[in-house]
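Order of appearance sets the numbers: ligands from 1, and atoms from 1 within every ligand. Numbers here simply count residues along the sequence, with the first being 1.
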Amino acid sequence: MPRLAYVDGQFVPLAAAAVNVEDRGLQFADSVYEVVAVFNGRLFDWDGHAARLARNLAALAIAPPMADAALARVARRLIAANRATEAILYLQVTRGVARRDHVAAALRPTLVMTVRPFDFAQRVGQQMAGVGVITVPDERWARCDIKTTGLLANVLAKQRARDEGAFEAWLVAADGRVAEGASTNAWIVAADGTLVTPPLTPRVLPGVTRAAVIEAARERRIAVAERDFTVAEAQAACEALITSTTVPVLPVVRIDGATVGDGRPGPITTQLAAAVWDRVAVQTGYRP
Ligand code: PDD
């Protein structure tokens with residue numbers, strides 16, 4: 001069965017799916033996106049993704065392609081058409097198609113969705129072993145709170161991490177503060193057991209998983225502080241972790257080659273990972 005994509009109102013074979021070369025997503029990265037996890041063929045945390053998408057479209061004055069409920073219907077039809085069970089749904093909205101000019105009139109937005117199978121079970125092994133991160137200078141633009149497809153600095157940082165045998169790159173400001181990962185939010189567990197993650201400023205993407213983890217921590221009476229931390233503080237922390245839709249919670253056991261804690265996933269990270277899998281099970285029935 002050929003995989004199908006959704007492009008501007010049509011379900012088409014993925015291999016033939018295309019947008020206009022004058023689409024502003026291609027020309028200017030004038031576009032926003034979401035990555036949504038699918039378990040048992042069901043969308044996970046859809047409301048959080050839909051709300052963030054709506055906020056991002058409004059922030060950039062890109063017209064919403066359709067109402068949230070209609071968007072969810074298209075996503076579900078695409079998942080069903082691909083017979084996807086565990087998968088990643090990718091959704092992109094661009095400002096639309098126009099002759100290349102920095103200034104654009106009001107346009108009809110382009111909506112693209114794809115879905116690809118994704119092996120979430122592999123994460124369980126990584127969860128038990130932990131992963132390494134490197135740190136790199138944060139060379140992104142000043143509005144990282146908006147989930148745009150302008151990801152070149154993230155792509156280069158992630159590639160550098162992989163080239164150096166690490167899983168993720170943490171993006172660090174000139175003063176040493178960690179903002180987030182190339183495609184994950186960054187966290188530590190401080191000596192007093194407080195779970196710490198940078199506050200929601202324009203340097204940080206408001207992760208849907210980040211919100212779920214904060215909620216789970218508070219339910220479990222784990223203290224949470226939204227404050228900055230430095231690379232040195234993270235290297236000396238009891239635990240470190242990263243979160244995202246595709247991860248969803250992974251222990252970080254090495255930062256720039258320095259061992260975090262005893263080099264093994266810590267109890268708070270393990271508890272939070274279990275909490276997110278519980279959330280997945282409640283919403284979708286899936287357990288890894
Ligand atoms: N990335 N920070 C950045 C820079 C991200 O790109 C992402 C997600 C996150 C975590 O957000 P969430 O929990 O909502 O997935 C934080 C997606 C998965 C990606 O670009 O593939």
**Q.** ligand 1 atoms in contact with Gly207 (distance to a heavy atom under 4.0 Å)
**A.** 11 (O), 12 (P), 13 (O), 14 (O)
(Q) Could you check whether Arg108 pairs with Asp8 (Lys NZ or Arg NE/NH1/NH2 to Asp/Glu carboxylate O, under 4.0 Å)? (A) yes
Q. Between Val204 and ligand 1, which part of the residue brings a heavy atom under 4.0 Å of the ligand: side chain, backbone, both or neither?
A. neither
(Q) At under 4.0 Å between heavy atoms, is it the side chain or the backbone of Thr209 that contacts ligand 1, or both, or neither? (A) both
Q: Write out the residue and atom name of the closest protein heavy atom to atom 21 (O) of ligand 1, then the distance separating them to 0.1 Å.
A: Val35 CG2, 3.6 Å
Q) Under a 4.0 Å N-O cut-off, is there an ion pair linking Arg203 with Glu180? A) no
(Q) Does any part of the side chain of Val115, heavy atoms only, come nearer than 4.5 Å to the side chain of Ile88, both counted from C-beta? (A) no
Q | pair Asp138-Val172: side-chain heavy atoms closer than 4.5 Å | A | no
Q. Would Ala182 count as a contact of ligand 1 if the rule is a heavy atom under 4.0 Å away?
A. yes
Q: With atom 7 (C) of ligand 1 as the reference point, say which of Ser244, Ser183, Ala157 has the nearest heavy atom.
A: Ser183
Q. When the ring planes of Trp277 and Tyr286 are compared, do they come out parallel, tilted or perpendicular, using 30° and 60° as the limits?
A. tilted
(Q) What I want to know is whether Arg52 and ligand 1 share at least one N or O pair that is separated by under 3.5 angstrom. (A) yes
Q.
Only heavy atoms of Glu180, strictly under 4.0 Å: list the atoms of ligand 1 that pass.
A. 2 (N), 3 (C), 4 (C), 16 (C)
Q. Would you say Thr245 has any N or O atom under 3.5 Å from an N or O of ligand 1, going by distance alone?
A. yes
Q. Evaluating non-hydrogen atoms only, which member of Arg210, Lys147, Lys158 is closest to atom 17 (C) of ligand 1?
A. Lys147
Q) Does Arg162 count as lying over the ring of Phe167, i.e. NZ or CZ under 6.0 Å from the six-ring centre, within 45 degrees of the axis? A) yes
Q. Are the side chains of Leu205 and Ser183 in touch, meaning some heavy atoms are under 4.5 Å apart?
A. no
(Q) Does any part of the side chain of Trp170, heavy atoms only, come nearer than 4.5 Å to the side chain of Val231, both counted from C-beta? (A) no
Q: Output the list of atoms in ligand 1 that are nearer than 4.0 Å to some heavy atom of Gly181, sorted by atom number.
A: 4 (C)
(Q) Students should be able to answer this: which protein heavy-atom is nearest to atom 20 (O) of ligand 1, and at what distance? (A) Tyr33 OH, 2.6 Å
